[in-house]
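Worth saying up front: this structure is predicted, and the values here are computed from it rather than measured. Sequential numbering from 1 along the given sequence is applied to the chain's residues. FYI, side chains are in, hydrogens and waters are out, and symmetry mates aren't considered; it's all heavy atoms of this structure.
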Amino acid sequence: MSRKIIVAGNWKMNKNAAEGKALVEALKGELADISFDDADVVVCPPFTTLGSVIEAAACSRIGVGAQNIHWAASGAFTGEISADMLVSSGVKYVIIGHSERRQYFGETDATVNSRLKAALGAGLTPIVCVGETLAEREGNRTEAVLARQIREGFAGIDAAVAPGIVVAYEPVWAIGTGKTATPDVAQAAHAFIRSELAGVFGTEAAEAIRIQYGGSMKSENARELLSQPDIDGGLIGGAALKADSFAKLIREAIAGSKN
Ligand code: 13P
């Protein structure tokens, strides 16, 4: 099964409206020589930067995503953003359940599940993050944690829409630390995630779901990671904040995926 790779930049809490616009303008230039048939390229700025980034990306094939979504359609949820608000602004993707949200903002597998249902209901492409902490890995609980995150996060989702979901495997110990999972370690986790997805949605849907790797991915390691059979892209933090490093990483990812 060949899956089109997807490389997404998670800008986290970086870049104001003007900086975001400038980054996308520069990225368009840097990516002039790549074929977007080889890779989906997405940037996920903060909410207040979405408008200027969507405008800057309008005449390009760069997709734009948000970093969170609320599950309710509207109402008394101060500080939250609904699916309709994202869709009507031109947003196409949304990151759900990033480990920083689980760690600092009380996100759980249950809230991930509610947000995922809202995103799918609105036609957004969700990027659902899973991954174990260092303590969980050292305690040999990686598979149990991933299995729980998938079982609970994806509960009640129709297998017919599952191929449209993107999963991001982000081992928490590799995020922003410079410690990347080795290609073998990452591939093993991705294969396990795909087998768990098959348990939930069936083999055919699981084979179609794209699984990104995230955690200190950069141009130097992107090629080898993407040459693994179950690694279908990347969710990039630090290396996505500069147009030249992100573009270089995308080119390496495409090259790796063709190995
Ligand atoms: P870094 O690439 O900075 O390690 O961040 C990864 C990440 O959390 C992307 O969502």
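Using modelled atom types and a 3.5 Å distance limit, the side chains of Glu107 and Thr111 yield a donor-acceptor pair. If you check the side chains of Gln228 and His190, you find no donor sitting under 3.5 Å from an acceptor. For the residue pair Tyr213/Gln187, the side-chain donor-acceptor check at 3.5 Å is not satisfied.
Lys28 places no side-chain N or O within 3.5 Å of a backbone atom of Cys59 that could act as its donor or acceptor partner. Counting only distance, with no hydrogens or angles, the side chain of Gln212 and the backbone of Val166 share no donor-acceptor pair below 3.5 Å. Without hydrogens or angle criteria, Glu132 side chain to Thr142 main chain gives no donor-acceptor distance under 3.5 Å. Of the possible polar contacts, one joining the Arg102 side chain to the Gly97 backbone as a donor-acceptor pair under 3.5 Å is found. Judged purely by atom type and a 3.5 angstrom limit, Thr108 uses its side chain to pair as donor or acceptor with the backbone of Ala110. Remark: side-chain polar atoms of Ser52 are paired, donor with acceptor, to backbone N or O of Ala17 under 3.5 angstrom. Proximity of a side-chain donor or acceptor of Ser216 to a complementary backbone N or O of Ala174 within less than 3.5 Å is detected. Listed for the Asp232 side chain is no donor-acceptor partner under 3.5 Å among the backbone atoms of Arg210. Distance alone, capped at 3.5 Å, places no donor-acceptor pair between the Lys92 side chain and the Gly123 backbone.
Asp109 has no carboxylate O lying under 4.0 Å from a charged side-chain N of Arg151, or vice versa, which leaves the two without a salt bridge.
Of the residues Asp230, Ile231, Ile211, Ile209, the one that meets the side-chain contact (heavy atoms from CB on, under 4.5 Å) test with Arg3 is Asp230. Remark: of the listed residues Val42, Val24, Val53, Val53 is the sole one forming a side-chain contact (heavy atoms from CB on, under 4.5 Å) with Val64.
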Under the side chain to side chain donor-acceptor pair (under 3.5 Å) criterion, do Glu136 and Thr133 qualify, and how do the steps go?
CA-CA 5 Å; Glu136 289 163 344; Thr133 63; 3.2 Å; yes

Test salt bridge (Lys or Arg N to Asp or Glu O under 4.0 Å) on Asp40 and Arg61; report intermediate values, then the result.
CA-CA 8 Å; Asp40 288 332; Arg61 287 177 67 185; 5.9 Å; no

For a salt bridge (Lys or Arg N to Asp or Glu O under 4.0 Å) check, start with the C-alpha distance between Glu55 and Lys21, then their side-chain angles and the critical distance, and finish with the verdict.
CA-CA 8 Å; Glu55 223 176 276; Lys21 179 176 188 283; over 6 Å; no

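When the side chains of ILVMFWY residues are joined at heavy-atom separations under 4.5 Å, either directly or via intervening members, Ile62 and Ile95 end up in two distinct hydrophobic clusters.
Distance check, rounded to the nearest 0.5 Å: OG of Ser195 to CD1 of Ile150 gives 8.0 Å.
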